[in-house]
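See structure below.
By convention in this document, chain letters (A, B, ...) are assigned in the order of the sequence lines, proteins followed by strands, and residues within each chain are numbered from 1.
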2 protein chains.
Amino acid sequence: MQTVEKALYLLDFFDDKHPELGLSELARLAGMDKATTHRMLTALARAGMVEQQPATRLYRLGATILRLARIREATFPVTALLQPILEALAAETGETAHASLQAGPSLANVGVVESARSSRVFVEPGLKLPLHATASGNAFLAFSDPAFVAHVLAQPLAAITPDTITDPAALRERLAIARRDGFAHVDQGFEVEVYGIAAPLFGPGGDPVGAIAVATPTHRMTGELSGKIARAVMAAAVTASRAMGGEPPQDYQMRLERNAA
Amino acid sequence: MQTVEKALYLLDFFDDKHPELGLSELARLAGMDKATTHRMLTALARAGMVEQQPATRLYRLGATILRLARIREATFPVTALLQPILEALAAETGETAHASLQAGPSLANVGVVESARSSRVFVEPGLKLPLHATASGNAFLAFSDPAFVAHVLAQPLAAITPDTITDPAALRERLAIARRDGFAHVDQGFEVEVYGIAAPLFGPGGDPVGAIAVATPTHRMTGELSGKIARAVMAAAVTASRAMGGEPPQDYQMRLERNAA
DNA sequence: CCTTTTCGGTTCATTATTATCACCAGCGGT
DNA sequence: ACCGCTGGTGATAATAATGAACCGAAAAGG
């Protein structure tokens, strides 16, 4: 079903900064033929996944997405559950907190609470977080099935910033440390001047389903602050996992206590 | 791109009452082969549009939908704009108010505020409203492009309840009346014991983009109440259209005043 | 003012993809 | 041990998607 995946791939180019895209532009971005792109867009439009502005002929995300999101949220209200936890985490740490859930081969941001400080990290709503370059992704990978990790590491790791770790062996070391500590930290691996600290969210089977993270301007980060945030993030992750009906593995709670000491 | 449409069609079977579906069940509902369904589901899962519960192997709507909805809402915040208008409308009429937007060949519910009464109409979040059977759909059609209306009426009109109007000619008459009055009313055309009154939402070009409606238990409906609700719904529709950056056609405002008299 | 480029969109022969059937393994009930 | 269900898979037949060229319209450039 490569056709379906290609069509859905088009949706990935709509973001906060590019809410509306033209046919040629979208074809160029996706590296597909214009005719193919047009056919896929009409198919998406028939399903309401995108809609075309009659005046400008530009495409944007459609109302079906809102409809499906309402159903998902009505039946599995994760974002509503995460919001107060993120608010508490942002208040406690004084920094921007955000949560993300696994969506195929990456994490999808599903909640942000910005810090009250004037100098703070902004996180675009609906941002896609690569597993290898972000603290959230690393926290997720650190507790993921080894086969899945191997699959992720087998693919080329894009250098998003100069500091992104692109060497699989080096990343494995970081993941081992994250697994030992119960949290991951990544300095400017995804955005320059942003330091992320994240812990995994666990599902009912003890498998990671997402991550919860705090993003701090790199210049403000110190060893002391790092420890404080790590403890807060891990506690929030445990709270959030349980709120969503999940359960952290038995040994995860121990890690938290060890870290607190 | 029939493959894409078929794959997206699978998403339509997830609703409030069926948040998780199995492979065989989904194949049966969609009338597709199990192997085909499975491949489509894996394609959808790779894009994060659905996700599979590891324990039960059931599928449900995925986190990508939440991600895309956040982007759409961050860039075109319709549901946030509609919510207070629906609240005011529900308060004013004492009945359940809801709004929907066009999503392909039907309307997608994107907001509900329930009445405070103990006897009230429930509207499932994310409900798909057929154009021919609902007040919202009729209001939308009444102000739609004639070619689009012809296209909708050319297809078979499903009898959802015994009272659903399935005759194209009869529906055209209803639409003409709705166009004259500025609002549509449908008694038990979609759900038994539910009486709907709706007015269209207009986009920047004066074209309808959705509808706003009030749903009342049929037994409570009287001529007097009907008139009161119709006026409130039309006023709310004009307010909402403008809030979304749209503009009702010049003559629509006149209809509202005529109706008030 | 004329030319060139770009836009959205369409066409049709070529080519690659997808649908289908039969089948497998596992589970719960009888 | 069996039946009927489940999720899932593989090879062949049938169908669908692809892409270069093309169109008219609208900007951009001289």
Which nucleotide in the list [options] gets nearest to the side chain of [X]?
{"X": "A/Q2", "options": "D/dG8, C/dC12, C/dT17", "result": "C/dT17"}
{"X": "B/A35", "options": "D/dT6, C/dC21, D/dT18", "result": "C/dC21"}
{"X": "B/M1", "options": "C/dA19, D/dT18, D/dG8", "result": "D/dT18"}
{"X": "A/T36", "options": "D/dA20, D/dT6, D/dT18", "result": "D/dT18"}
{"X": "B/L23", "options": "C/dA19, D/dG8, D/dG19", "result": "D/dG8"}

Would you kindly give the [atom1]-to-[atom2] distance between [X] and [N], to the nearest whole Å?
{"X": "A/L58", "N": "C/dC7", "atom1": "CG", "atom2": "P", "result": "11 Å"}
{"X": "A/L26", "N": "C/dG9", "atom1": "CG", "atom2": "P", "result": "12 Å"}
{"X": "A/L41", "N": "D/dT18", "atom1": "CG", "atom2": "P", "result": "12 Å"}
{"X": "B/R57", "N": "C/dG28", "atom1": "CZ", "atom2": "P", "result": "12 Å"}
{"X": "B/M40", "N": "D/dG7", "atom1": "CE", "atom2": "P", "result": "17 Å"}
{"X": "B/H38", "N": "C/dA25", "atom1": "NE2", "atom2": "C1'", "result": "14 Å"}
{"X": "B/M32", "N": "C/dT18", "atom1": "CE", "atom2": "P", "result": "13 Å"}
{"X": "B/D33", "N": "D/dT9", "atom1": "CG", "atom2": "P", "result": "14 Å"}

With a cut-off of less than 4.0 Å, is there a side-chain N or O of [X] near OP1 or OP2 of [N]?
{"X": "A/S24", "N": "C/dT6", "answer": "no"}
{"X": "A/R28", "N": "C/dG8", "answer": "no"}
{"X": "A/Y59", "N": "C/dG9", "answer": "yes"}

For the residue pair B/Y252 and B/F143, is the inter-centroid distance of their aromatic rings smaller than 6.0 Å? yes
Along DNA chain D (nearest heavy atom to each residue), the more 5'-positioned of A/K34 and A/T3: A/T3
Can you check whether A/R70 reaches B/I65 side chain to side chain, under 4.5 Å on heavy atoms? no
Applying side-chain hydrogen bond (donor to acceptor under 3.5 Å, both in side chains), can you list everything that pairs with A/K128, at least two apart in sequence or on another chain? A/D12
Compare every heavy atom of B/D16 with every heavy atom of B/P125, then report the nearest pair and how far apart it is. CD-OD2, 3.2 Å
By nearest-heavy-atom nucleotide on DNA chain C, the more 5' of A/T56 and B/K6 is A/T56
Is there, by distance only and without an angle test, a donor paired with an acceptor across the side chain of A/R39 and the base of D/dA17 below 3.5 Å? no
Would you check if there is a donor-acceptor pair between the side chains of A/T79 and A/E73 at a distance under 3.5 Å? yes
